[in-house]
Amino acid sequence: MRFNHVLRQATLLSTLFMFTYCNEPEINPAPEVPQGTLVLCEGNFLSSNADLSLFDKTNRTIQNDVFFRKNNRPLGDVLQSGALQGEVLYAVMNNSNRVEVLNASNFGAIRTINGFSLPRYIIVKGTTAFVSEWISFSGNGRVAVVDLQSGTIKRTLPAGKFPERMHLLNSLLYVANSDDSTITVINTETETIESTTAIGPGPNSFAQVGQKLYVLCGGLIRRKPDFSIDSAACVAGELLEITPQATPLVSRRTVAFNDRFLTASRLTTNNRELYFTYNNAVYRSATDTLSAPTSPWVNRTGSDASVPVYGLGVDPSTGIVYVAFSNFTSANRVNRYRPDGTFIDSYNTSAGPNGFLFR
Amino acid sequence: MKTCHVASFLIIVVWSLRAMPSLAQPSIVLSEVEIHGKKPLTSALEVEWDSALLRRYTNQTVADLLAASGGVVVNQYAPGGLSSLSVRGTSAAHTAILWNGFNLQSIMNGQYDLQLLPLYAVDKVRLSEGIAGARYGSGAMGGVLHLESAPSWNTGLRGGVGHTVGSFGLHIPSANIQYGGAGAFLKATAIHTQAHQKYPFKNAALAEAPTLEQTNSDIIKSQWTLDGGLRSDRWGELHVWLLDMRSERGIPPPMTKSLSVARQWDEHRRMAMAYTNTYRKHTLSYRAAYIREQIRFADSLINLDQSHSAASLLQKVDYTYAIGQWRIELLSEIQYFTGTSPGYKPLPIRQQRTALVPGVLYTDKEQRWRIQAQMRMEQVDQKAIPAIPSVQGELKLLHWWKLGAQASASYRVPTFNDLYWSPGGNKNLKPEQGMGADVFTTFSTNTLPFIQHAALQLGAYRQHISQWIVWLPGDRFWSPQNEDRVTIEGLQSKLNFHTNRSAFNLHGTSRVNVGRSILSAPTDPDRGKLLRYTPTITAAQQLGFTTKRIHVALEHGYTGWRYTDRSNTRWLPAVSLWHFHAGVGIPYRQHRLDLSLSIQNVLNSTYQMLAWQAMPGRVIQLSAFIHFQSKSKN
């Protein structure tokens, strides 16, 4: 054995070996898109990996990262929420401070609307959209009124602290100020504020059944300057029914939820019952007998036992409940349940599923 | 498959060597001399940049050096932005960064920003890949980066002033002065860096990938150092180092965001001393350092303005006794850490670590083989962590062929952020624990006809790290857990050669690492997936020549494609960058004027080191240095 021989053989082998490692993965082509349920996957904060998963109800298959695969670019950082208007999808990109407008059939990007500050949720009415914005992690937020034809923000309206989900009913837009105890009512015809009314601690989501409007007040968790929980200042959540009007009135409310250190969220409905998340489980309440959470309707089990419940939706056409589990660090999971609470199936999604758009 | 520049380079090297006459030809040459002596065994594959090589990077940072020629992964948010090192498929917190023997890894987050390490006051950089936990303690799991300031004995009075200008508003004035006598020396350096860094980049995160100008990426940075030393035959040798570094940087937005106004201020101060005395077969060394780091981060868009600081007091006593072929060593360490942050509750946060490391090295009389064993016993806040053993050996089979092996444990103590950040900090975290082994072989020769020296090193490594700390979302907030287990394995090669013809010196190196880091916890749904941001291949090649007055070098750095998420659904393409350096030294009496040109990313490639963080294209720097030297010493 000679040095030259060893050198030749070793280098040749390592070169061949290296060639095998030079192969990059390949991007799967953009999916054939059936009409299906859109899963909004917010991704991991600062990772710019937000995307959409598309669930085909007929074939029971799921396609992930459909925006990236179609457009070969990221949707943005933190897909907070979205709204469908016909075949147009509006995706609110929280940490990218923009709204991406997409073709909901093929996921091709149409345009980007910029100029937001920590946008959260969107309601679309005709050629106008209303986008709630936090602006910062301290002071009050606002609602941006967007002209969808020009893609510009035409005005902003002041809201309370951390304005979250909104609900449009009879030309009035109800805005949940989630770190206050108020909801702001906006007249969408005049684009002016009708009222800001105290209703309950930390309102964050709405559900409409007929002409009745239900509000989930998630509760208020208060912290001391050192960020430890200020027990005395925390307020437990409640479930409310309000009279939808320019100055809303609370017509019914549950007793306060039993744990004031937990936040309830994501109120939705199948037009008979109300569903919401609380303490990493899904709870259900009848609309005629509003009830505080006692025992979970769906709880975390198996491999999802340590993964937070992060998204909830009810398919209006079937009543099937979709529950998203998210740890943001990897592909996550959506489980489906029949209205009687029995488990149907489970699918892996893109990272951080937080909501659903049914069509 | 993309063109693999690394492979091309290697093939050229192989065929060049193939063309050379066989070693079987009789020749009258002296075999390579290796001086083992009492020198401890080092890593299987170690790379060293001495002061001559570092001249190309005089006004740049350790991040620039390693990114261009390290053959390792340097994850950069932007030029001048936060840069972290990943060695052998580990994360940024798994490589110890030693400044004159003291670990700089932040007690707050376990990392050190390589952009805050100018090379101006560094005389030697060594990158030792492989586990070194027994000797260097917490965090030395992937490797150890040594930054050393050499003593300036007998240099006389010398100094220099220089200025570098470059792309994107770069200005770097610098100056140094030193006096070195037989028994004392004093050296002072100062360097200031500023650049607006409004470089153009193609924003691939936007429709039609428009070319934009980077924003909020400016940097202003200053550092001064003072090194001193005293020595006498009777009293031994004393070194003292002082360093003060301050920087202010804009944090540029990722491509998915249009605006960032975030800024970061860093202040680092270090004071260190080392005293060594040898009496007959006894050597006693005492080293101590006070290291303070302060970080302020402000983002007016989200009303955030926070300052964090940490300080550490490190003491090491190293006693060695040489008897016959044996070398017995006893190292003791006492380290105090304290941290202050709006996120730490309750204040003050303190930690004390004490360690005792007995070790032994045996070298046979013919110096054909050596074996070294060490055992680290450490307590963190009076709680013992499992003992960290290490065994290492080398065997010289032939004058040109050497074998080596190492088996070691390693560990990493949770950082203050992991333990005390509120909310989420987990005081029940255990240290990460690793166990691994290396084997390597070295072929070297001084007998090639046109090349004075050539050496090829081949190595293989495997390491399991359990209780890997990962932040996971909990019921109310994210919290760190000892959840992950990672298996790291790979092959490495290093080829270097040089030739001298009169004043002409040709030199080249090639380093290739092919490996993988796999999530391996049995219950992990991502089991078998590759760890994010750990490419399966990294490489660096360099070819250059020097004459009495001129130096020219071409460097190539390659970072293979790597996944950017845990589920291995997104990835960054491979990065292949070429760099060019050239310089001329013009002597005038005993003084010298150095002019140099440096072009980074010669081919103006578009690339990302971290997903959707824009990096610049071609960067050009021109430097002029005037070195003066007193007549009395040379």
Side-chain angles (χ1 to χ4, degrees), chain A residues 2-8 10-12 14-15 17-19 21-25 44 46-49 64-65 68 71-77 93 95-98 109 111-112 114 117-118 136-139 226-228 261-262 279-280 303 306-308 310 326-331 350-351, chain B residues 1-2 4 6-7 10-11 13-14 17-18 20 22-24 204-207 209 254-259 301-304 343 345-346 400 422-423 443 445 454 456 458 470 472-475 491 493 495 512 514 525-526 536-537 539 560-561 564-571 573-574 611-612:
Chain A
R2 290 287 180 265
F3 175 79
N4 264 9
H5 178 72
V6 172
L7 186 65
R8 270 203 310 269
T11 316
L12 197 60
S14 61
T15 305
F17 188 53
M18 198 172 54
F19 263 119
Y21 271 80
C22 286
N23 283 321
E24 283 182 15
N44 196 11
L46 294 178
S47 296
S48 302
N49 62 340
N64 293 324
D65 291 345
F68 188 86
N71 299 280
N72 198 28
R73 70 174 176 90
L75 185 55
D77 194 15
M93 308 311 302
N95 199 42
S96 292
N97 291 319
R98 68 191 191 210
R111 76 158 36 139
T112 301
N114 292 300
S117 290
L118 300 177
S136 74
F137 294 110
S138 46
D226 67 4
F227 219 77
S228 59
F261 307 131
L262 295 171
N279 195 19
N280 275 306
S303 59
S306 62
V307 183
Y310 202 65
S326 298
N327 67 7
F328 312 97
T329 58
S330 63
S350 303
Chain B
M1 188 175 71
K2 291 200 167 187
C4 195
V6 185
L10 267 179
I11 289 169
V13 171
V14 171
L17 290 171
R18 266 173 62 100
M20 293 170 187
S22 162
L23 279 181
L206 297 180
M255 292 185 197
T256 52
K257 205 169 177 177
S258 58
L259 178 68
L301 284 183
I302 54 174
N303 290 342
L304 182 68
K345 305 299 169 208
W400 53 270
S422 178
F443 309 100
T445 180
L456 172 68
L458 300 173
V470 56
L472 294 171
D475 290 347
L491 302 171
S493 70
L495 173 69
V512 180
V514 180
D526 293 316
T536 50
I537 180 166
W561 63 269
T564 59
D565 67 332
R566 190 183 170 92
S567 300
N568 291 181
T569 57
R570 300 271 180 104
W571 63 92
W612 311 114

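First the proteins, then the strands, lettered A, B, ... as listed; each starts at 1.
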Q) Of the backbone (N, CA, C, O) and the side chain (C-beta and beyond), which part of B:L206 lies under 4.5 Å from a heavy atom of chain A, both, or neither? A) both

Q. Does B:R570 have any salt bridge (charged side-chain N to carboxylate O under 4.0 Å, His left out) partners at least two apart in sequence or in another chain, and if so, which?
A. A:D51, A:D65

Q) So which heavy atom on B:M255 is nearest to which on A:R98, and how close? A) O-NH1, 4.5 Å

Q | When A:N97, A:N44, A:N49 are compared by non-hydrogen pairs under 4.5 Å with chain B, the top option | A | A:N49

(Q) So for A:L118, is it side chain, backbone, both, or neither that comes closer than 4.5 Å to the heavy atoms of chain B? (A) side chain

Q. Which one of B:L472, B:T256, B:T569, B:V470 has the most heavy-atom pairs closer than 4.5 Å to chain A?
A. B:T256

**Q.** Residue part contacting chain B, namely of A:A331, when any heavy atom lies under 4.5 Å
**A.** both

Q) If you count heavy-atom pairs under 4.5 Å with chain B, which of A:G76, A:S48, A:S117 comes out on top? A) A:S48

Q: Determine, stepwise, if the pair B:K257 / A:N95 fulfils side-chain hydrogen bond (donor to acceptor under 3.5 Å, both in side chains).
A: CA-CA 7 Å; B:K257 205 169 177 177; A:N95 199 42; 3.2 Å; yes

Q) Under a 4.5 Å heavy-atom cut-off, does chain B meet the side chain of A:T112, its backbone, both or neither? A) neither

Q.
Report which part of B:A204 has an atom under 4.5 Å of a heavy atom belonging to chain A: side chain, backbone, both, or neither.
A. backbone

Q | Heavy-atom contact with chain B under 4.5 Å, split by part of A:D77 | A | both

**Q.** Shortest non-hydrogen separation from A:S47 to B:W612 and the atoms involved
**A.** O-CD1, 4.3 Å

Q) What are the two closest heavy atoms between A:S326 and B:P473, and how far apart are they? A) O-CG, 4.1 Å

Q) Which bit of A:Y310 is near chain B, if near means a heavy-atom gap under 4.5 Å: side chain, backbone, both or neither? A) neither

Q) Out of curiosity, A:N327 CG to B:R566 CZ, how far, rounded to the nearest 0.5 Å? A) 7.5 Å

(Q) So which atom in A:S330 and which in B:D526 form the shortest heavy-atom distance, rounded to 0.1 Å? (A) CB-OD2, 3.0 Å

**Q.** Gap separating the CZ atom of A:F137 from the CG atom of B:L301, nearest 0.5 angstrom
**A.** 10.5 Å

